[in-house]
Amino acid sequence: MAVIRMLKLVFFIIVFQSSSLIAGTADLSIALDFNEINRIVYEPQGEFVVRVTNLGPDVAADNIPFPLPLTTLTSAIDDNGDFTPEIQFVTDSQNNNQECYFTLAIGSPPPGSIGPKYVYGIDIPSLAVNETIECHGLFSRHFQSGTRDVTWKTYNSFDTDPNNNNDSQTITFGIPPKAVPVNNKFILILLLTLVLYFGFKRLIN
């Protein structure tokens, strides 16, 4: 039994060292393109683009026997109370689904919360040095007040990323502020009347 355990230990050490030797260094960066105003997305729905670039120095997920080994995931998104994500993402018609595969994971609600949690993902292929892949999607907003932040982050389980500062980006979604009528004729006449009244009253006194 001791010999078998020793052989298993040696086997796992060899496998671990081999994986470490195969792993490269690949700096993945992400850039999101939404229609933002002052860094907030006010549109109830629209298009967006996720761009992932491999800054090197090695090929990202090189020689991995999976067609789409790299992943970009969102932070957990709350339910709006009607079994719908507060922010929803789907693939666009112009997206290349063979290179950018959209996914959705639904998790059980944690204690004290209402409704499930949602995490969206985009699986992409291996990236050569300085190669950029564009994934096209559609979003829709399903909450009625305030703002919601969604963070997209790249994940590469096969290489070492030397710079984690460019792995993620946060997008803020919000409800557009209500317009205040400033050119209403009735309001202008009322203000002018009040000004004349108080001005005339002050002259009399």
Side-chain angles (χ1 to χ4, degrees), residues 24 26-80 82-107 115-144 147-159 161 163-176:
D27 179 13
L28 295 184
S29 68
I30 186 172
L32 305 177
D33 186 5
F34 284 80
N35 184 19
E36 301 177 68
I37 300 176
N38 296 327
R39 298 186 178 181
I40 299 178
V41 178
Y42 288 116
E43 293 178 329
Q45 64 270 328
E47 301 176 345
F48 71 97
V49 180
V50 177
R51 296 181 178 90
V52 180
T53 302
N54 177 20
L55 301 177
D58 298 326
V59 176
D62 190 22
N63 296 321
I64 301 300
F66 309 115
L68 304 173
L70 304 175
T71 302
T72 299
L73 296 175
T74 68
S75 54
I77 300 173
D78 291 331
D79 189 271
N80 71 344
D82 196 24
F83 296 100
T84 302
E86 291 187 329
I87 303 293
Q88 197 167 13
F89 302 98
V90 296
T91 182
D92 195 355
S93 58
Q94 63 177 315
N95 184 66
N96 184 347
N97 296 324
Q98 301 302 316
E99 292 188 347
C100 300
Y101 186 76
F102 281 65
T103 62
L104 169 63
I106 303 176
K117 297 287 186 178
Y118 305 87
V119 174
Y120 290 89
I122 304 176
D123 297 332
I124 62 176
S126 173
L127 292 177
V129 179
N130 294 324
E131 181 182 3
T132 298
I133 191 168
E134 291 190 350
C135 301
H136 297 261
L138 302 172
F139 73 89
S140 56
R141 183 187 70 225
H142 302 282
F143 61 92
Q144 302 302 321
T147 61
R148 305 292 188 275
D149 291 338
V150 178
T151 300
W152 288 81
K153 184 176 182 180
T154 60
Y155 290 92
N156 178 6
S157 303
F158 307 101
D159 303 296
D161 193 328
N163 181 15
N164 295 323
N165 294 326
N166 56 6
D167 295 349
S168 64
Q169 185 176 341
T170 300
I171 297 295
T172 300
F173 298 86
I175 304 296

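No experiment lies behind these values; they were computed from the predicted model shown.
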Could you tell me whether a side-chain N or O of [X] sits under 3.5 Å from a main-chain N or O of [Y], the two making a donor and an acceptor?
X      : Y      : result
Asp82  : Thr84  : no
Asn54  : Leu28  : no
Ser126 : Ala60  : yes
Thr71  : Tyr155 : no

Test: salt bridge (charged side-chain N to carboxylate O under 4.0 Å, His left out). Region: residues 64-75. Which pairs qualify, not counting sequence neighbours?
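Every pair satisfying salt bridge (charged side-chain N to carboxylate O under 4.0 Å, His left out) with a residue in residues 64-75: there are none.
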
Keeping to residues at least two apart or across chains, list the salt bridge (charged side-chain N to carboxylate O under 4.0 Å, His left out) pairs with something in residues 83-106.
Glu86-Arg148

Go through the structure and list residues passing side-chain contact (heavy atoms from CB on, under 4.5 Å) with Asp79, not counting sequence neighbours.
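Only Phe83, Pro116, Tyr118 meet the side-chain contact (heavy atoms from CB on, under 4.5 Å) criterion with Asp79.
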
Output all residues satisfying side-chain contact (heavy atoms from CB on, under 4.5 Å) with Thr74, sequence neighbours left out; order by chain, then residue number.
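Here the qualifying residues are Ile77, Phe89, Val119, Tyr120, Val150, Trp152.
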
Output every pair passing side-chain hydrogen bond (donor to acceptor under 3.5 Å, both in side chains) with a member in residues 33-42, not counting sequence neighbours, ordered by first then second residue.
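The answer is Asn35-Glu43.
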
Do [X] and [Y] have side chains that get closer than 4.5 Å, going by heavy atoms?
X      : Y      : value
Thr154 : Ser168 : no
Pro85  : Asn80  : no
Leu127 : Val59  : no
Ile87  : Arg141 : yes
Ile30  : Leu32  : yes
Val129 : Glu131 : no
Asp58  : Asp159 : no
Val52  : Ser29  : no

Do other residues, nucleotides or ligands put more than 12 heavy atoms under 6.0 Å from the CG atom of Asn63?
no

Other residues, nucleotides and ligands only: do more than 12 of their heavy atoms fall within 6.0 Å of CD on Gln94?
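More than 12 heavy atoms, drawn from other residues, nucleotides or ligands, come within 6.0 Å of this atom.
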
Nearest atoms (heavy-atom pairs only) where Ile64 meets Pro69
CG2-CB, 4.0 Å

How close do Leu70 and Ala61 get, heavy atom to heavy atom, and via which atoms?
CD2-CB, 3.8 Å

Please check if any side-chain donor atom of [X] sits under 3.5 Å from a side-chain acceptor atom of [Y], or the reverse.
X      : Y      : answer
Asn97  : Thr91  : yes
Thr170 : Asp149 : no
His136 : Glu47  : no

Taken in chain and number order and not counting sequence neighbours, the residues that satisfy salt bridge (Lys or Arg N to Asp or Glu O under 4.0 Å) with Asp78 are Lys117

Go through Phe143 and Phe173 one step at a time and tell me if the ring pair (Phe, Tyr, Trp, His ring centres under 6.0 Å) criterion holds.
CA-CA 10 Å; Phe143 61 92; Phe173 298 86; 7.7 Å; no

